[in-house]
Number of protein chains: 2
Amino acid sequence: MVDPSPIHAVPLREHVYERLQEMLIARVLPPGGHLVEERLAGQLGVSRGPVREALQRLHRDGWVTLRPRYGAFVNQPTPDQVTEFFEARELLESWAASLAAQRCTDGDGAALLRICDEADEGLRTGRAAGEMAALTARFHTTVLEIARNHILLEFGRQLSHRSRWFFAPLVSSLAPRAWEEHRAVAELIGSGRADEAAAAMRTHISESRDAYLETQPVAPDGGADAAVPAAAVPAAAVPAAAVPDAAVPHAAVPDAAPVGAGRPAGDALPSRAAPT
Amino acid sequence: MVDPSPIHAVPLREHVYERLQEMLIARVLPPGGHLVEERLAGQLGVSRGPVREALQRLHRDGWVTLRPRYGAFVNQPTPDQVTEFFEARELLESWAASLAAQRCTDGDGAALLRICDEADEGLRTGRAAGEMAALTARFHTTVLEIARNHILLEFGRQLSHRSRWFFAPLVSSLAPRAWEEHRAVAELIGSGRADEAAAAMRTHISESRDAYLETQPVAPDGGADAAVPAAAVPAAAVPAAAVPDAAVPHAAVPDAAPVGAGRPAGDALPSRAAPT
DNA sequence: GATCTGTCTATTGTTTACGATGTTGTGACC
DNA sequence: GGTCACAACATCGTAAACAATAGACAGATC
């Protein structure tokens, strides 16, 4: 079962973690679904060890719930979680914008604007939604990097991933507006106007939250309720959308290609968004 | 070798994680030291599995550095890390104080003040430094809880633990002053004055940083994790540039009592500080 | 003497197998 | 209908083994 390609520069658990993240974002692993170590291990072509470790990290990062002796279940955002998520983002990122404005070099500012340019180009040419989402993630991560605080960066990265998860079904709908706001933030950061940059970022995230809440009905809190009304869900697919959270004892999970199946480093996965 | 007590409500890795944290705070595992899975497993009376998982979590929480095929090394705070740490704390906790002031119930306010009372009592009677540190942690965690944002709470908890680690050697010296400030914050939160509470908390943490820097000489830079080159290169992997240099290849680590040796739940460890 | 090279050792990364334990759901029974 | 025993399932932990590799060390070469 050892895969023939000898390149294992990074531990398997990392690959598994990323693969599972992709599957969660793509809703291949639907909210409420039960993640069984052995089944995942079989699907990914590894043993249970790395899967266990990846699941624990997914748990710490808020993707799944680990019930001590029973298993891992895919989280689905409750209204409270959505509120808290955007609140945290608003805090962290507006502060990051402020710090970034104070610590921004010419190169940093240029890098931010380059991302905006690339996004504009992408919007004109109608690039894939996944790529645009990756660009968005890169913009926000870059702001965090310019702020030059590794703790903040780490926290922000966690939030950024979850953001991709939330927005996966409707990512394209709000892109043009968002990128106007991104550019405004970038210019304020580049010119060192800290307070204005922070305010702009706060507004941006606040609007992004409103857009999310208008478009995306959140699951009712308690969880006993099944059948999320698929009404307002845009045509953006969502394969197994209405999943009853409680009681999906054996949610059938489609197969997936084994991990680490020979591929040196580039790892041509559909969307590799998390930058750096 | 199976431990005779049958009560394993929580996974062993949790116990191991907490035990290792204690050992790190107590400097039983000294900064720069090499943590060898098998040795720790032997010392704690468990197998390698739970130790691996605990080490990975310690890595993710910033306690140790994990070098892919070589091992786990205890971090030691560099000046930059100290700066970033207090910066992050100042942000998170002042924000939390503001939110807490807006969302504080009568019971919440009373709980905060009760902690302050207990601390005053402890200061008068000269209670152990470890207990006072635990009280401090509890105060800050309680503020985060009153803010009612689980993401913020989780981030704050991570910072709080590291705080105990930083301050372990000098925890008693700044206690009385700190508790005056704590009480001031508590009263502002209790009376709902958000902006003032935030400012007070910011001041408190800022002073706490100054006290730390005056007393504690920080190690010269070049320590733990790699330096992120901020923006510019999005794809570059940057595999841990600056190595721990300190080079304590086989730091002798004293023995420790096995984990989970009997004891149902109360777990009478010397200082059980992390509240909830 | 300094540098390069090859070997050796220690430790991690991963797999496999097994037993113990806790959770959940089910069906018998009252 | 409600309660209890039981079986199925999945995790949790242990143990043992092996491959791969990073680092240390000794030896050869310049």
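Protein chains get the first letters and strands the later ones, always in sequence-line order, with residue 1 at the start of each. Computed over heavy atoms, backbone and side chain alike; hydrogens, waters and symmetry mates excluded.
Residue Gly71(B) is classed as a sugar-phosphate contact, given heavy-atom separations below 4.0 Å to backbone atoms only. Contact annotation for Arg67(A): backbone-only contact, meaning every heavy-atom pair under 4.0 Å involves sugar-phosphate atoms and none involves a base. Using a 4.0 Å heavy-atom cutoff across all strands shown, Arg48(A) reaches at least one base atom of the nucleic acid.
Atom CG of Leu55(A) is separated from atom C1' of dA10(D) by 12 Å (rounded to the nearest Å). Protein atom CD of Glu37(A) is 16 Å distant from nucleotide atom P of dA17(C), rounded to whole Å. Here dT11(C) presents its P atom at 7 Å from NE2 of His34(B), a figure rounded to the nearest Å. Distance, Arg69(A) CZ to dA10(D) P: 15 Å, rounded to whole Å.
The side-chain contact (heavy atoms from CB on, under 4.5 Å) search around Asp108(B) returns Cys104(B), Thr105(B), Ile146(B), Arg148(B), not counting sequence neighbours. The side-chain contact (heavy atoms from CB on, under 4.5 Å) check on Gln56(A) picks up Arg52(A), Arg60(A), Leu66(A), Arg13(B), Glu53(B), with sequence neighbours excluded.
Residue Arg52(B) places at least one side-chain N or O closer than 4.0 Å to OP1 or OP2 of dG13(C).
Counting heavy atoms from C-beta outward, Leu58(A) and Gln21(A) have side chains that approach closer than 4.5 Å. Annotation: side chain of Asp61(B) is in contact with side chain of Tyr17(B) (closest heavy-atom distance under 4.5 Å).
With dG13(C), dG13(D), dT12(C) as the candidates, the nucleotide lying closest to the side chain of Val36(B) is dT12(C). Closest contact between the side chain of Pro50(A) and the listed nucleotides dT15(C), dC12(D), dG13(C) involves dT15(C). Here the nucleotide nearest the side chain of Ser47(B), chosen from dG13(C), dA15(D), dG23(D), is dA15(D).
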